[in-house]
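Just below is one structure, and these are the notes that go with it.
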Amino acid sequence: MRGGKWALGLVILLVGRGILPQSREMEELKLVNTLAVDGGEKIVVTGVTGVRAGENEEPEVLTGEGESLAGACKALRESSARRAYLGQTEQLLVGDEGELMETLGFVVEHRELRMDTLLYIVKGSAGDGLAASAQRVAGETGGQDARGRTVGEILPRLAQGEYALAPALAAGEEGLEPAGWAALGPEGVVGYYEGDAELGAGLLAGSGQEQVVELAGGVAELMKVKTWAKGGTVFCTLTARVVQGRPGEEELAAWGEGVLRAALGPGWDCWGLDREQGAMEPWNWDDWKGEPVAKMDVKVTGRLVGS
């Protein structure tokens, strides 16, 4: 007991004399809410500080540049009198010309960013887009995004040589806006799902609820989406509420089949459909492993409720 008191007293003495580092109060730090990463001759990072509700704060845009991502983040942290803190970053934006795997590796190795940080791919410059969206982004809570995919969800698939899905953004009239889905591979961004393919990718990702569908006989709103893969076929059940007119269940099923085929067409299995088939029929895993998803059959059932 005496030894413990002596050690505690020594630590207090050393801290008081500045020999050991003192902890920083959160009020002394600038908390970065969103971080953007762009590649090129040098790595450029752009950060936006968060604002607290009711405090009438204004977001601040910070930048840093370096030969590596670690160096760029170090420059960003030192660009303000109050040290920028990346540990509260909720959203990580990577420009489509940025080094995706280097960025994800930075999260793992340096541990400045959390594995539950949401990842987005920006078409064009992520930093410019973030700066234009600073006022809106500063007050957002990333966890409220239904399309959100975390670094911890995406990285394991890429590390195993598989594809993964991440939401894409692009510059719009009010800053960054949703722009489909990005298909990611170990080599980086391999392409995008747009139009019907975007809708189908969302259904396969389980995020189709509340989607408004315009059919020949009227309008319906998706309430429930269930998809699964088995035996070389993607099955899907769509349940929707009639909003306008008298659409038919066959129309809804045909719409679902069309957008799912559009999503499977490019051939990137961003959803682990081969693994899902293997789980259903483990004795046939060798047949389903790496099976081209573009060749899979699609069967959709539509169900309408309300009038």
*For atom CD of Glu214, decide whether the heavy atoms of other residues, nucleotides or ligands shown that lie under 6.0 angstrom number more than 12.*
no
*asked:* Within the structure provided, determine whether Pro59 and Gln135 are in side-chain contact (heavy-atom separation under 4.5 Å).
replied: yes
*Does any non-hydrogen side-chain atom of Val61 lie less than 4.5 Å from one of Thr46?*
yes
*Please assess Ser68 against Ile43 for the test side-chain contact (heavy atoms from CB on, under 4.5 Å), listing each intermediate value before the final yes or no.*
CA-CA 6 Å; Ser68 66; Ile43 304 296; 5.6 Å; no
*Evaluate the side-chain contact (heavy atoms from CB on, under 4.5 Å) criterion for residues Arg275 and Leu273: first the C-alpha distance (whole Å), next the side-chain angles of each, then the deciding distance (0.1 Å), finally the verdict.*
CA-CA 5 Å; Arg275 291 181 179 274; Leu273 299 178; over 6 Å; no
*Mind checking the CG-CG spacing from Leu76 to Leu35? Nearest 0.5 Å is all I need.*
6.5 Å
*Over 12 foreign heavy atoms within 6.0 Å of CD, Glu162*: yes
*Determine whether Trp228 and Leu260 fall in the same hydrophobic cluster, where Ile, Leu, Val, Met, Phe, Trp and Tyr are linked whenever their side-chain heavy atoms lie under 4.5 Å apart.*
no
*First locate atom SG of Cys270, then atom OH of Tyr193, and finally report the distance between them rounded to the nearest 0.5 Å.*
3.5 Å
_Using side-chain heavy atoms (C-beta onward) and a distance below 4.5 Å, is Thr237 in contact with Val225?_
no
*Does Glu249 use its side chain to pair, donor to acceptor, with the backbone of Leu304 at less than 3.5 Å?*
yes
*Counting only heavy atoms not in Glu97, do more than 12 sit closer than 6.0 Å to its CD atom?*
no
*Could you check if a side-chain atom of Val48 sits within less than 4.5 angstrom of a side-chain atom of Glu60, using non-hydrogen atoms only?*
no
*So, Glu221 side chain and Val212 main chain: donor-acceptor pair closer than 3.5 Å or not?*
no
*How long is the span from the CG atom in Leu238 to the CH2 atom in Trp255, to the nearest 0.5 Å?*
6.5 Å
_Output field: ring centroids Trp271/Tyr163 closer than 6.0 Å_ = no
*More than 12 foreign heavy atoms under 6.0 Å from CD of Glu41: is that the case here?*
no
*Counting N and O atoms only, with roles assigned by atom type, does the side chain of Gln277 sit under 3.5 Å from a partner on the main chain of Gly232, one being a donor and the other an acceptor?*
yes
*Test item: Glu251 side-chain N/O and Ala216 main-chain N/O as donor-acceptor pair under 3.5 Å*: yes
*Consider only side-chain heavy atoms of I, L, V, M, F, W and Y, link residues closer than 4.5 Å, and tell whether Val37 and Val108 are in one cluster.*
yes
*Any donor and acceptor pair, going by atom type alone, linking the side chain of Asp38 with main-chain N or O of Gly127 inside 3.5 Å?*
yes
*Tell me, do Val259 and Leu203 make a side-chain contact under 4.5 Å, heavy atoms counted?*
yes
*Are the side chains of Leu100 and Leu184 in touch, meaning some heavy atoms are under 4.5 Å apart?*
yes
*Let me see the working for Asp297 and Arg261 under side-chain contact (heavy atoms from CB on, under 4.5 Å), right down to the final yes or no.*
CA-CA 8 Å; Asp297 195 10; Arg261 290 191 184 279; 3.2 Å; yes
*Within 45° of the axis and under 6.0 Å from the centre of the six-membered ring of Phe235, does NZ or CZ of Lys230 qualify?*
no
*asked:* Is there a side-chain contact (heavy atoms from CB on, under 4.5 Å) between Asp96 and Val122? Walk through the geometry before answering.
replied: CA-CA 6 Å; Asp96 56 7; Val122 179; over 6 Å; no
*Expected output: side-chain Thr49 to main-chain Val32 donor-acceptor under 3.5 Å*: no
*With rounding to the nearest 0.5 Å, note down the distance linking CD in Gln91 to OG1 in Thr34.*
4.0 Å
_Reference residue Leu119; test side chain to side chain contact (heavy atoms under 4.5 Å, CB included); the match among Leu104, Thr150, Leu93_ = Leu104
*Can any side-chain N or O of Arg136 pair as donor or acceptor with the backbone N or O of Gly175 at less than 3.5 Å?*
no
_Any salt bridge linking Glu112 with Arg77? Criterion: basic side-chain nitrogen under 4.0 Å from a carboxylate oxygen._
yes
_Any residue meeting side-chain contact (heavy atoms from CB on, under 4.5 Å) with Ala164, in chain and number order, not counting sequence neighbours_ = Ile154, Arg157, Leu158
*Cluster question for you: counting only ILVMFWY and a side-chain heavy-atom cut-off of under 4.5 Å, with indirect links fine, are Ile121 and Met115 together?*
yes
*Go through the steps to decide whether Lys123 and Glu194 satisfy the test salt bridge (charged side-chain N to carboxylate O under 4.0 Å, His left out), and finish with yes or no.*
CA-CA 13 Å; Lys123 298 177 181 180; Glu194 300 171 320; 2.4 Å; yes
*What are the two closest non-hydrogen atoms of Ala229 and Met280, and how far apart are they?*
O-CG, 3.7 Å
*Same apolar cluster: Met101 and Val44, side chain cutoff 4.5 Å*: no
_By side-chain contact (heavy atoms from CB on, under 4.5 Å) - contacts of Lys224 (at least two apart)_ = Thr239
*So do the side chains of Pro178 and Tyr120 get within less than 4.5 Å of each other, counting heavy atoms only?*
no
*Does the side chain of Glu67 come within less than 4.5 Å of Lys42's, by heavy atoms?*
yes
*asked:* Rounded to the nearest 0.5 Å, what separates atom CG in Leu199 from atom CG in Leu204?
replied: 11.5 Å
*Is the backbone of Asp128 close enough, under 3.5 Å, to the side chain of Ser125 for a donor and an acceptor to pair up by distance?*
yes
*Rounded to the nearest 0.5 Å, what's the gap from OG1 on Thr103 to CG on Leu113? Could you check?*
9.5 Å
*asked:* A quick test of your reading: do over 12 heavy atoms of other residues, nucleotides or ligands sit less than 6.0 Å from CD of Gln160?
replied: yes
